[in-house]
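In what follows, chains carry the letters A, B, and so on, assigned in the order in which the sequence lines appear, proteins first and then strands, with residues in each chain numbered from 1.
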2 protein chains.
Amino acid sequence: MNKYYTITELTREFGVSTRTLRFYEDEGLVQPERRGRTRLFRQADRRLIQEILRGRRIGFTIAEIREIIQVYKDPPGEEGQLKLLMKRVDEKRNELRQKRKDIEETLNELDNVEEACLTRLAEIGVST
Amino acid sequence: MNKYYTITELTREFGVSTRTLRFYEDEGLVQPERRGRTRLFRQADRRLIQEILRGRRIGFTIAEIREIIQVYKDPPGEEGQLKLLMKRVDEKRNELRQKRKDIEETLNELDNVEEACLTRLAEIGVST
DNA sequence: AGCGGCTTTTACGTAAAAGTCAATTTTTCT
DNA sequence: AGAAAAATTGACTTTTACGTAAAAGCCGCT
């Protein structure tokens, strides 16, 4: 059946504005089809948007996200390009591992904060 | 001995600019002492900066970081405030868990990209 | 006293990623 | 067909987190 999605269906699903999706199109991240001037998003576009938003959540810039999409769309074939790409991939991975560590540590801290809150509440004599 | 750090010592240690550290002071995140007009950072300031930068890496805004610092500096004592804080902590934790999941997934994808690169290189006949 | 180097303050600038608004279309419903 | 609802476009604005440039102060050294 190959369903089409309207822009507002997707904004509702992902909790973003139409402006945002149009912005992503302007930036060349997605290329929905058109019927007249209306955008028609396919499954592929929808999945792409999921990936874009995931990238956004972990702090990738639009440029970085576009780069990643590019690599999937047409992977480099030449040795120099491939090695460069691998280097960039390795850097990104290190960055993400650091970020993951930062998150673990912060999660632990937040656990402590919660503990402290519970303790304090108990002191005041509030049963949780 | 209670050593003081100059602003440039810290910029070198953490790889940030003096502008950044002054900005954090303007935003009320750190309060180094002064000798004349010169800032003198203590160990406590230094550790605080570490935490600020960690927060920054995982995408916290200055306002959020300030809020966290505030909670440490003077924790709420009243029931309503405590419960509110716990709610905010819980939200933050969920957000961070999502982010961690996003990172895991992206790390896996990057592994695949690397694999693909190696395969392609082997195809071209390059020994890695 | 002069120099180099670091520091300060003030003030304006900027890039990224949208948000907002107004003026048109276009589509949908009856 | 005609009104209402939804979508598009373009221009302008906003927010965050600093960057940058100018003009000057302080400090140790020679």
Side-chain angles (χ1 to χ4, degrees), chain A residues 3-42 45-46 48-70 92 95 98-99 102 106, chain B residues 3-42 45-46 48-70 92 95 99 102:
Chain A
K3 211 228 175 202
Y4 283 122
Y5 299 85
T6 72
I7 197 167
T8 21
E9 276 176 325
L10 294 182
T11 63
R12 284 194 188 114
E13 176 172 4
F14 295 121
V16 298
S17 70
T18 58
R19 183 70 185 80
T20 299
L21 295 184
R22 284 189 217 110
F23 175 69
Y24 291 159
E25 184 181 3
D26 284 349
E27 291 294 316
L29 303 185
V30 287
Q31 281 127 304
E33 296 170 32
R34 296 287 180 118
R35 183 174 52 209
R37 318 204 306 173
T38 300
R39 290 164 178 82
L40 300 170
F41 293 81
R42 289 185 173 287
D45 298 312
R46 187 171 155 282
L48 207 42
I49 291 170
Q50 279 184 310
E51 292 222 27
I52 292 167
L53 296 178
R54 189 176 71 197
R56 185 177 80 161
R57 283 196 298 273
I58 59 182
F60 284 4
T61 68
I62 298 295
E64 287 170 323
I65 294 171
R66 180 169 36 227
E67 204 183 347
I68 294 169
I69 291 174
Q70 263 307 310
K92 267 295 159 219
E95 185 187 310
Q98 172 66 55
K99 212 166 258 188
D102 289 331
T106 306
Chain B
K3 211 228 174 201
Y4 283 122
Y5 299 85
T6 73
I7 197 167
T8 20
E9 274 175 327
L10 294 182
T11 64
R12 286 194 187 117
E13 176 172 3
F14 294 121
V16 298
S17 69
T18 59
R19 180 70 183 83
T20 298
L21 295 184
R22 290 194 199 107
F23 174 69
Y24 292 159
E25 184 181 3
D26 283 348
E27 292 294 316
L29 303 185
V30 286
Q31 281 127 302
E33 297 169 32
R34 296 288 178 118
R35 183 174 52 212
R37 323 201 306 170
T38 301
R39 290 164 178 81
L40 300 171
F41 294 80
R42 288 186 174 285
D45 299 311
R46 188 172 154 281
L48 207 42
I49 290 171
Q50 278 184 310
E51 292 221 27
I52 294 168
L53 296 178
R54 189 177 69 196
R56 183 176 81 162
R57 282 196 299 272
I58 60 185
F60 284 3
T61 67
I62 297 295
E64 289 169 322
I65 293 171
R66 181 168 38 227
E67 204 184 344
I68 295 170
I69 290 175
Q70 263 306 311
K92 267 298 159 216
E95 185 188 309
K99 211 166 260 190
D102 290 330

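Between A/Arg22 and C/dA18, a side-chain N or O to OP1/OP2 separation shorter than 4.0 Å is absent. OP1 and OP2 of C/dA17 both lie 4.0 Å or more from every side-chain N or O belonging to A/Thr20.
Residues B/Arg22 and B/Glu25 are not paired through a salt bridge, judged by the lack of any N-O separation under 4.0 Å between the basic side chain and the carboxylate. B/Lys92 has no carboxylate O lying under 4.0 Å from a charged side-chain N of B/Glu67, or vice versa, which leaves the two without a salt bridge.
When the C1' atom of C/dG19 is taken as reference, atom OH of A/Tyr24 falls 13 Å away, rounded to whole Å. With rounding to whole Å, B/Leu21 atom CG is found 14 Å from C/dC6 atom C1'. Between the C1' atom of C/dC6 and the CZ atom of B/Arg39 lies a distance of 13 Å, rounded to the nearest Å.
Just one residue in the list B/Gln50, B/Arg56, B/Glu51 forms a side-chain contact (heavy atoms from CB on, under 4.5 Å) with B/Arg54, and that residue is B/Glu51. Screening B/Ile65, B/Asp45, B/Ile62 against B/Tyr24 for a side-chain contact (heavy atoms from CB on, under 4.5 Å) leaves a single residue, B/Ile62.
Residue A/Arg35 places its CZ atom among 12 or fewer non-hydrogen atoms of other residues, nucleotides or ligands, all under 6.0 Å distant.
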Strictly under 3.5 Å: I want the nitrogen or oxygen pairs between protein and nucleotides 21-29 of chain C, one per line.
none

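The closest donor-acceptor contact from the side chain of A/Arg34 to the backbone of A/Arg37 lies under 3.5 Å. A donor-acceptor contact shorter than 3.5 Å links the side chain of A/Arg66 to the backbone of A/Glu27.
Along DNA chain D, the stretch of nucleotides lying under 4.0 Å from any heavy atom of chain A spans, 5' to 3', D/dA7 to D/dA11.
Here B/Ile49 contributes atom CD1 and B/Tyr5 contributes atom OH; the two are 10.5 Å apart, rounded to the nearest 0.5 Å.
Backbone-only engagement by A/Thr8 is indicated by non-hydrogen atom pairs under 4.0 Å involving sugar-phosphate atoms exclusively. Residue contacts for B/Thr18: at a heavy-atom cut-off of 4.0 Å it reaches no nucleic acid atom on any strand shown.
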